[in-house]
Amino acid sequence: MVRAELACPGLTAPVYHRIKPDGGDSLYTVNANEASNASTKYGYTEDRGTAFQASAATASGLSPVYRLYSPEKKDHLWTIDAGEKASAAENHGYTVDEGIGFYASKTPGDCLIPVYRFVSPTLLKHRFATTEAERGSLSAAGWTAEGIKFYATAAVAPPDTSDTKFTLIVIPDTQQEIVYRPELFTNRVQWLASNKSALDIRFVTHTGDMVDWDTPDHLHYARASDAVTVLDNARIPYAFAIGNHDTAAVCQGGSACPGNVNANLRNTTTFNQYFPTSRFTALAGVYEAGKIDNAYHTFTAGGLNWLVLNLELWPRTGAVNWAKTVLEAHPRHNVILITHSHLTSSSGIEQTQGGYGNNSPQYVFDNLIKQYANVRFVFSGHVGKAGYREDAGVKGNTIYQFLNCYHDGATNPTRLVEIDTAANTAATRVYAPMTNEEKQDGSKRTISNIAWVR
């Protein structure tokens with residue numbers, strides 16, 4: 001892991017941007033009270049909202065961003081470079097040291113965005129920009145780009161409270177489709193893209209075993225990757241859990257590959273080659289740099305914030321501990337956890353780690369899932385067909401857990417979870433687009449009185 005990857009879950013403090021029309025000085029602060037009082041007390045009456053997100057406290061992988069002020073220029077300067085800080089005070093009139101403004105990263109990472117700094121030669125003021133539109137606007141107004149000064153996370157837009165309904169998709173084990181009838185997989189994703197608006201599909205998940213095994217030409221992965229391009233083009237965000245068949249642990253025909261089976265299970269080189277982190281448009285952070293095996297994704301829907309956590313099969317303790325930091329940093333998100341093995345075919349929580357994993361699903365449930373009040377759903381596959389159970393978390397929240405497997409070679413079952421945040425319900429059914437049939441196996445249900453995190 002690189003240090004920047006560790007920093008991302010901690011970069012959740014909004015950095016408020018206020019401008020003083022008299023002169024154009026910008027104020028960037030993580031202190032909500034300072035932002036609120038800046039207008040009446042100091043004349044920063046132009047509210048530009050949240051510029052980006054940083055951290056109000058130090059953490060691994062983060063560095064202080066210093067806040068300086070020039071009485072002569074009436075300008076604030078923020079810098080992560082201690083050398084520039086000293087030079088600005090000694091040579092450029094920034095003699096008022098206002099301490100540490102916030103903390104950010106000096107290095108890029110999968111969940112980070114670059115923060116550019118601009119200076120106005122006429123106003124003698126500094127300002128930050130994160131988007132191409134912001135940079136273009138400043139440049140057009142005569143501001144000069146000073147390059148990337150640090151890395152932070154993108155500002156989170158407030159949820160739309162008029163938006164109360166949407167659909168979440170859960171795709172079960174598809175390895176048999178990819179080998180024997182790839183048209184089933186393709187038909188599914190095409191149906192999802194075609195019905196994006198009609199069903200208001202906001203996010204697609206897969207609970208693992210997307211492919212069956214690797215080959216020298218990576219045919220199975222190529223088929224899956226080509227099909228998923230349909231979701232890319234439709235701009236439907238997705239997250240994938242990695243199953244044992246998606247790793248180097250399973251060889252041709254489904255037999256165990258030679259060598260250390262645990263090491264093989266963690267070898268996901270081919271999967272990450274065809275599904276690099278750059279393909280996941282809602283990605284907010286990963287456990288290991290450049291690997292999607294353990295990652296979290298965020299989105300807003302139904303007027304609420306959501307976090308999808310994909311966790312590796314029978315995970316390592318380090319991955320579980322990392323996941324704890326993610327959930328701790330996002331208490332106002334409704335959490336959906338996807339992993340390949342969780343429920344058994346009889347809807348119990350799996351007690352073993354398959355004989356070659358690290359920690360059992362029961363360990364994950366006891367040490368992660370039930371410990372956090374904002375965990376709402378867990379989806380898994382690996383065994384059986386469909387299953388369901390509810391358990392209470394230690395904070396009193398109900399955790400809704402679904403088994404979603406099937407290994408159906410005749411059609412392409414797809415779970416739809418239709419969420420209504422106003423009615424506090426989730427209605428789910430399993431539908432097969434290829435044959436236009438709905439499973440009548442107890443998988444259809446409506447859950448009421450869900451206590452969403454708001």
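Because only heavy atoms are used, hydrogens play no part in the values below, and waters and symmetry mates are left out as well, while side chains stay in.
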Heavy-atom side-chain contact between Asn334 and Asn374 under 4.5 Å: no

Any side-chain heavy-atom pair from Asp25 and Tyr69 closer than 4.5 angstrom? yes

Any non-hydrogen side-chain atom of Val115 less than 4.5 Å from a side-chain atom of Lys149? no

Can a donor-acceptor pair be found, under 3.5 Å and without considering hydrogens, that links the side chain of Asn397 to the backbone of Ala451? no

Asp214 (side chain) donor-acceptor with Thr247 (main chain) under 3.5 angstrom: no

For Asn449, look at atom CG and say whether over 12 heavy atoms of other residues, nucleotides or ligands are found less than 6.0 Å away. no

Evaluate whether atom NZ of Lys196 has more than 12 neighbouring non-hydrogen atoms of other residues, nucleotides or ligands under 6.0 angstrom away. yes

Give me the atom names and distance for the closest heavy-atom approach of Ala249 to Val261. CB-O, 4.3 Å

Any carboxylate oxygen within less than 4.0 angstrom of a Lys/Arg side-chain nitrogen, looking at Arg316 and Glu288? yes

Rounded to the nearest 0.5 Å, how far apart are CZ of Phe52 and OG1 of Thr131? 12.5 Å

Specify whether Trp452 and Phe377 have parallel, tilted or perpendicular ring planes, treating 30° as the upper limit for parallel and 60° as the lower limit for perpendicular. tilted

Exam field: side chain Thr421 to backbone Thr164, donor-acceptor pair closer than 3.5 Å: yes

Determine whether the aromatic ring centres of residues Trp314 and Tyr356 are separated by less than 6.0 angstrom. yes

Determine whether the side chains of His206 and Thr174 contain a donor N or O and an acceptor N or O closer than 3.5 Å. yes

Nearest heavy-atom pair of Ala239 and Val308: which atoms, and what distance? CB-CG1, 3.9 Å

Between CG of Leu199 and CD of Glu418, what distance do you get to the nearest 0.5 Å? 7.0 Å

How long is the straight-line distance from CD of Glu390 back to OH of Tyr400, given to the nearest 0.5 Å? 5.5 Å

Check Pro21 against Gly43 and note the closest heavy-atom contact, atom names and distance. CD-O, 3.5 Å

Salt bridge check: are Arg127 and Glu134 linked by an N-O gap of less than 4.0 Å? no

Quick one: pull up OG1 in Thr58 and OH in Tyr103 and give me the separation to the nearest 0.5 Å. 5.0 Å

Do Asn305 and Thr298 pass the side-chain hydrogen bond (donor to acceptor under 3.5 Å, both in side chains) test, and can you show the C-alpha distance, the side-chain angles, and the key distance before you say yes or no? CA-CA 7 Å; Asn305 292 319; Thr298 57; over 6 Å; no

Do any N or O atoms from the side chain of Thr50 and from the backbone of Ala155 form a donor-acceptor pair under 3.5 angstrom? no

Donor-acceptor check, side chain of Ser225 to backbone of Tyr221, threshold 3.5 angstrom: yes or no? no

Over 60° means perpendicular and under 30° means parallel, so classify the ring planes of Phe128 and Phe150, tilted if in between. perpendicular

Taking NZ, NE, NH1 and NH2 as the nitrogens, is one of them in Arg67 or Glu34 under 4.0 Å from a carboxylate oxygen of the other? yes

Does a donor on one side chain and an acceptor on the other come within less than 3.5 Å for Glu98 and His76? yes

For atom CD of Glu132, decide whether the heavy atoms of other residues, nucleotides or ligands shown that lie under 6.0 angstrom number more than 12. no

Is it true that, when you exclude Glu72 itself, more than 12 heavy atoms of the residues, nucleotides or ligands shown sit nearer than 6.0 Å to its CD? no

Would you say the side-chain atoms of Asp173 pair up with the backbone N or O of Gly381, donor to acceptor, closer than 3.5 Å? no

Considering non-hydrogen atoms only, spot the tightest contact between Arg18 and Gly49 and give its length. NH1-O, 3.4 Å

Arg117: which residues meet the salt bridge (Lys or Arg N to Asp or Glu O under 4.0 Å) condition with it, sequence neighbours left out? Glu84, Glu146

Non-hydrogen side-chain atoms of Val15 and Phe102 separated by less than 4.5 Å: yes

Between Thr317 and Asn359, a side-chain donor and acceptor under 3.5 Å: yes

Taking every non-hydrogen atom, the tightest pair across Pro237 and Arg202: CG-O, 3.1 Å

Ring geometry between Tyr94 and His126 (parallel below 30°, tilted from 30 to 60°, perpendicular above 60°): perpendicular

Pairwise ring pair (Phe, Tyr, Trp, His ring centres under 6.0 Å) hits with a residue in residues 104-125, at least two apart: none

In terms of the angle between their ring planes, are Trp322 and Tyr287 parallel, tilted or perpendicular, with boundaries placed at 30° and 60°? tilted

Close side-chain approach of Ser120 and Trp143, heavy atoms under 4.5 Å: yes

N/O donor-acceptor pair under 3.5 Å between Ser87 side chain and Gly83 backbone: no

State, with a plain yes or no, whether a side-chain heavy atom of Asp97 is found less than 4.5 Å away from one of Lys85. yes

Verify, without hydrogens or angle tests, whether Ser63 (side chain) and Ile80 (backbone) share a donor-acceptor contact under 3.5 angstrom. no

Run the salt-bridge test on Arg279 and Asp232 with the 4.0 Å N-O cut-off and return the result as yes or no. yes

Close side-chain approach of Asp391 and Ile349, heavy atoms under 4.5 Å: yes

What residue among Thr207, Leu311, Asn310 forms side-chain contact (heavy atoms from CB on, under 4.5 Å) with Thr339? Leu311

Do the ring planes of Phe240 and Tyr238 sit parallel (below 30°), tilted (30 to 60°) or perpendicular (above 60°)? parallel

Counting C-beta onward and ignoring hydrogens, is there a side-chain heavy-atom pair between Arg415 and Pro172 closer than 4.5 Å? no

Quick one: does Asp293's side chain have a donor or acceptor within less than 3.5 Å of a partner on Arg266's backbone? no

Between Phe203 and Trp306, is the ring centre distance below 6.0 Å? no

Using 30° and 60° as the class boundaries, would you call the ring planes of Phe166 and Phe299 parallel, tilted or perpendicular? perpendicular

Asp366 and Gln362: side-chain donor and acceptor closer than 3.5 Å? yes

Any chance CG of Asp22 has more than 12 other-residue heavy atoms, nucleotides or ligands included, within less than 6.0 Å? no

The reported gap from NE2 in His382 to CG in Leu313 (rounded to nearest 0.5 angstrom) is 6.5 Å

Considering residues, nucleotides and ligands other than Lys73, do more than 12 of their heavy atoms fall under 6.0 Å from its NZ? yes

State whether the side chain of His92 and the backbone N or O of Ala89 hold a donor-acceptor pair below 3.5 Å, judged by distance alone. no

Spatial distance of atom CG (Asp209) from atom CG (Asn244) [nearest 0.5 Å]: 4.5 Å

